[in-house]
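Proteins get letters first, then strands, A, B, ... in listed order; numbering begins at 1 in each.
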Amino acid sequence: MKKNYYITTPIYYPSAKPHMGHAYSSIIADFFARFKRIQGYKVFFLTGTDEHGQKIERAAKEQKKNPQEFCDEISKSFKDLTKILNLSNDDFIRTTEIRHKKAATNIWKILEKKGEIYLSKYSGWYSVSDEAFYSEDEIEEVNGVKQSLSSGSKVEWVEEESYFFKLSKWQKPLLEFYSKNPDFILPISRKNEVLSFVRSGLKDLSVSRKSFKWGIQVPNNKDHVMYVWLDALTNYLSAINYPDEGNINFKNFWPADLHIIGKDILRFHAVYWPAFLLAAGINPPKKVYGHGWILSGDQKMSKSKGNILDPIEIIESYGLDPLRYYLIKEVSFGNDGNISKDKLENCINSDLANNFGNLCQRVISFSEKNTDLMTANEISFIDDDISILSIYEKNFNRIIKYIDNQDINSYINFIVEQLFAANKYFNDQEPWNKKKNILRLNTIVYTTLELIRKVTILLYPIIPDTSLKVMSIFNTSDIKLETIINNEYIKKNTKLKKIDILFKKIEKNVN
RNA sequence: GGCGGGGUAGCUCAGUUGGUUAGAGCGCGGGACUCAUAAGCCCGAGGUCAGUGGUUCGAUCCCACUUCCCGCUACCA
């Protein structure tokens, strides 16, 4: 059986510095990538930057830089972010790279050759001040002047030569594709939106621009650059060496298993992208997941509201793993989520410090005082031990299913339940009252250590650094999912390593 | 306007293919313990499951209407 897994983040548009939304998409994708790796899959995890388009061209001009120079700087800040977030990405693609231009140009040529692209004119009511086209029913005439209904700004009839992609032709094939692949668009709530959009009819899509230069040149026509989305989406192919379809990476990893994206770019990924691919004779990806936004105090973060939480600042003051944990645990995946310092602090204190961190600490400390930090030489499980240890084996398939269904919340709920259960187990067994029964005392400690080991493996995709720190108790960095079904994995009669407190509690101001 | 999703404990959210006392975490009140980051464990308070009407032996879950919130309704990305 093929055990490859290709997962991507969006490629980020570097017209400004990275924000919480970028961090969120990346952390989620990294979570899946790390899980599939410990599950034994060969994973290709891709992220990068989308660097063409009018906005970039302008932003560069404002700063009196040439676009490439401008992109180099901002793309670097996204590349730096991958380190700050401890992403395990295998590659970082930039759409200004030669390898990408080759791929995008190739797709264009194929589409053109197959008659999927034709040259025509784009026309419509354009407002210069809004930088937007409006349809007939979005404008009104006041005193003989046409203007936008929404903004009231003056619109004028504009015609521009443009290449078009025959999107209309792909309406039916797309609908068929969706019904044959019911999991292609997730979550379901957003799938309905896409379906109704496609059902309502598709117009051919303008896929080139003449009004600016910063883009990939259309083959054999110097006046046009490719529409940024056709350019950008192709990154998922160029990173695995397309158009060299015989290449090992392409063979192993296409079609992609999962595109993680924000809900704002769902249409591009769920409609245009599969349409382009179907038209080019390439298989569409298996799944596109459009997650929600991270809000601050129930509102979108914005400078004017002064509610921006910068991921880098949060990490500097609270640490990376707490942020990763919070975003994965506290956000209902697929829906918009909320973050605030207060909520983050509560989460750190109750889940990470009191529950998980303290569990590790109490067992080590107990072992230090009673077993000289040695694991048992001999153990003898009783039913209480077996029944809690075997929970992992009993739920093994379910855990994998959670991940394959992108049911992140059920996954982490399982983990949290097990943390409570382990604490309860240690309490109920009262090892401090078993000092006269060394075998029993040793078995309780051993069992609890096993529980910690197992849950730490499940936590690894969420909080990788912390998990490795915990595994160092057992002098190992061996993290394999399959080992959670083993109840005697920790070496007997071995010295444990003491570790520092994992998460410090945050003192909160009363009132 | 059209299409779609949603309104469940103080807060954040699960859940019910209709069936005995509706769940979790956090927060709050009480208790027993002591290995631990005054952590953990146990017990408890707190909900007419948005409102009204209907189908049914029985509805939080199905249907209709009302009300409130949110998303999509194409070429900035």
Side-chain angles (χ1 to χ4, degrees), chain A residues 10-16 50-56 58 122 124 126 130-133 135 137-138 162 164-165 167 187-209 227-232 262-268 271-272 290 292-293 329-332 334-338 342-343 346-347 349-370 409-410 412-413 416-417 419-435 441 444-445 448 500-507:
Chain A
I11 47 171
Y12 302 117
Y13 201 67
S15 58
D50 169 19
E51 306 182 15
H52 292 128
Q54 193 166 29
K55 270 194 185 173
I56 301 273
R58 277 198 196 144
Y122 187 76
Y126 186 75
D130 297 351
E131 298 172 24
F133 280 94
S135 66
D137 53 359
E138 286 173 317
S162 172
F164 282 83
F165 169 70
L167 184 63
I188 300 287
S189 54
R190 275 188 244 293
K191 177 181 173 175
N192 293 334
E193 285 170 11
V194 173
L195 287 184
S196 77
F197 173 78
V198 175
R199 285 197 192 110
S200 74
L202 296 174
K203 284 190 270 181
D204 287 353
L205 182 70
S206 163
V207 287
S208 75
R209 298 286 186 275
Y227 173 47
V228 260
W229 273 108
L230 178 51
D231 163 356
K263 63 181 181 180
D264 49 326
I265 53 172
L266 184 60
R267 178 184 312 142
F268 304 99
V271 181
Y272 299 167
W293 287 335
K329 159 102 189 305
E330 297 296 326
V331 176
S332 170
N335 299 325
D336 289 352
N338 222 289
D342 193 50
K343 286 180 175 176
N346 285 339
C347 175
N349 284 352
S350 53
D351 280 37
L352 296 175
N354 292 349
N355 202 351
F356 181 50
N358 185 57
L359 173 68
C360 298
Q361 217 53 43
R362 70 193 296 202
V363 176
I364 292 172
S365 171
F366 184 86
S367 172
E368 184 177 26
K369 287 174 185 165
N370 296 282
N409 300 104
S410 294
I412 197 160
N413 285 343
V416 174
E417 270 173 33
L419 290 173
F420 282 116
N423 267 312
K424 178 173 164 54
Y425 167 85
F426 200 69
N427 251 64
D428 291 351
Q429 297 302 321
E430 302 181 331
W432 46 89
N433 288 335
K434 302 289 189 299
K435 293 185 182 172
L441 185 148
I444 294 166
V445 171
T448 313
D500 292 335
I501 282 176
L502 294 173
F503 301 97
K504 281 209 179 97
K505 278 193 81 163
I506 295 158
E507 297 293 334

### Query
Does the A:Asn349 side chain pair with the main chain of A:Ile506, one donor and one acceptor, at a distance under 3.5 Å?
yes
#### Entry: Under the side-chain hydrogen bond (donor to acceptor under 3.5 Å, both in side chains) test, residues paired with A:Ser350 that sit two or more places apart
none
### Query
Is there a donor-acceptor pair closer than 3.5 Å between any side-chain N or O of A:Asn413 and the backbone N or O of A:Asn409?
yes
### Query
Taking atom C1' in both B:A64 and B:C26, what distance in whole Å separates the two?
38 Å
#### Entry: Distance, rounded to the nearest Å, where A:Asn409 contributes CG and B:C13 contributes P
11 Å
#### Entry: Rounded distance in Å between the C1' positions of B:G44 and B:C3
47 Å
### Task
Indicate, with a heavy-atom threshold strictly under 4.0 Å, whether A:Phe197 touches base, sugar-phosphate, or nothing.
base
### Query
What residues form a ring-ring contact (aromatic ring centres under 6.0 Å, His included) with A:Phe268, not counting sequence neighbours?
A:Trp229, A:Tyr272
## Note on the structure
In whole angstroms, the gap separating C1' of B:A24 from CD1 of A:Ile412 amounts to 14 Å
### Query
A:Lys329: what forms a salt bridge (charged side-chain N to carboxylate O under 4.0 Å, His left out) with it, not counting sequence neighbours?
A:Asp351
### Query
When the P atoms of B:C42 and B:G6 are considered, how many whole Å apart are they?
34 Å
#### Entry: B:G46 versus B:G53 - spacing of their P atoms, nearest Å
27 Å
### Message
Does A:Gly201 reach a base, just sugar-phosphate, or nothing at all? Heavy atoms under 4.0 Å.
### Response
base
### Query
Taking atom P of B:G25 as reference, at what distance in whole Å does atom CG of A:Asp351 sit?
11 Å
### Query
Under 4.0 Å between a side-chain N or O of A:Ser367 and OP1 or OP2 of B:C35?
no
### Task
Using the C1' atom as the reference point in each nucleotide, state the distance between B:U56 and B:C61 in Å, no decimals.
14 Å
### Task
Could you state the atom-to-atom distance from CZ of A:Arg199 to P of B:G2 in whole Å?
18 Å
#### Entry: Protein proximity profile, nucleotides 36-42 of chain B - base contact B, sugar-phosphate-only contact S, no contact -, cut-off 4.0 Å on heavy atoms
BB-SBSS
### Message
Nearest whole Å is fine: how far is B:C33 C1' from A:Trp432 CH2?
### Response
7 Å
### Task
Using the C1' atom on both, measure B:A24 against B:G15 and round to a whole Å.
10 Å
### Task
Assign A:Leu266 to base, sugar-phosphate, or nothing according to its heavy-atom contacts below 4.0 angstrom with the strands shown.
nothing
## Note on the structure
Hits for ring-ring contact (aromatic ring centres under 6.0 Å, His included) against A:Phe197, two or more places apart or cross-chain, chain-then-number order -> none
### Task
Using the P atom as the reference point in each nucleotide, state the distance between B:C62 and B:G4 in Å, no decimals.
15 Å
### Message
Applying ring-ring contact (aromatic ring centres under 6.0 Å, His included), can you list everything that pairs with A:Tyr122, at least two apart in sequence or on another chain?
### Response
A:Phe133
### Task
For A:Tyr227, report the nucleic acid contact type (base, sugar-phosphate, nothing); a contact means any heavy atom under 4.0 Å.
sugar-phosphate
#### Entry: Identified stems (criterion: three or more consecutive Watson-Crick or G-U pairs, under 3.5 Å), RNA chain B
B:1-7 with B:67-73, B:10-13 with B:23-26, B:28-31 with B:41-44, B:50-54 with B:62-66
#### Entry: Distance between C1' atoms of B:U17 and B:U48 (Å, rounded)
26 Å
### Query
Could you give the CG-to-C1' distance, from A:Asn370 to B:U34, as a whole number of Å?
12 Å
### Value in whole Å for how far the P atom of B:C35 lies from CZ of A:Phe426
10 Å
#### Entry: Whole angstrom value for the distance that separates P of B:C26 from CG of A:Asn413
12 Å
## Note on the structure
The side-chain hydrogen bond (donor to acceptor under 3.5 Å, both in side chains) partners of A:Asn423 (sequence neighbours excluded) come to A:Asn355, A:Arg362
### Query
A:Lys369 side chain to A:Ile364 main-chain N or O, any donor-acceptor pair under 3.5 Å?
no
### Task
Would you name the heavy atoms of A:Gly292 and A:Lys263 that are closest together and state the gap between them?
CA-CD, 4.2 Å
## Note on the structure
Assign each of A:Val416 and A:Ser189 the nucleotide of RNA chain B bearing its closest heavy atom; nearer the 5' end lies the nucleotide of A:Ser189
### Message
Going by the rule side-chain hydrogen bond (donor to acceptor under 3.5 Å, both in side chains), which residues pair with A:Lys424 if we only count those two or more places apart in sequence or in a different chain?
### Response
A:Asp428
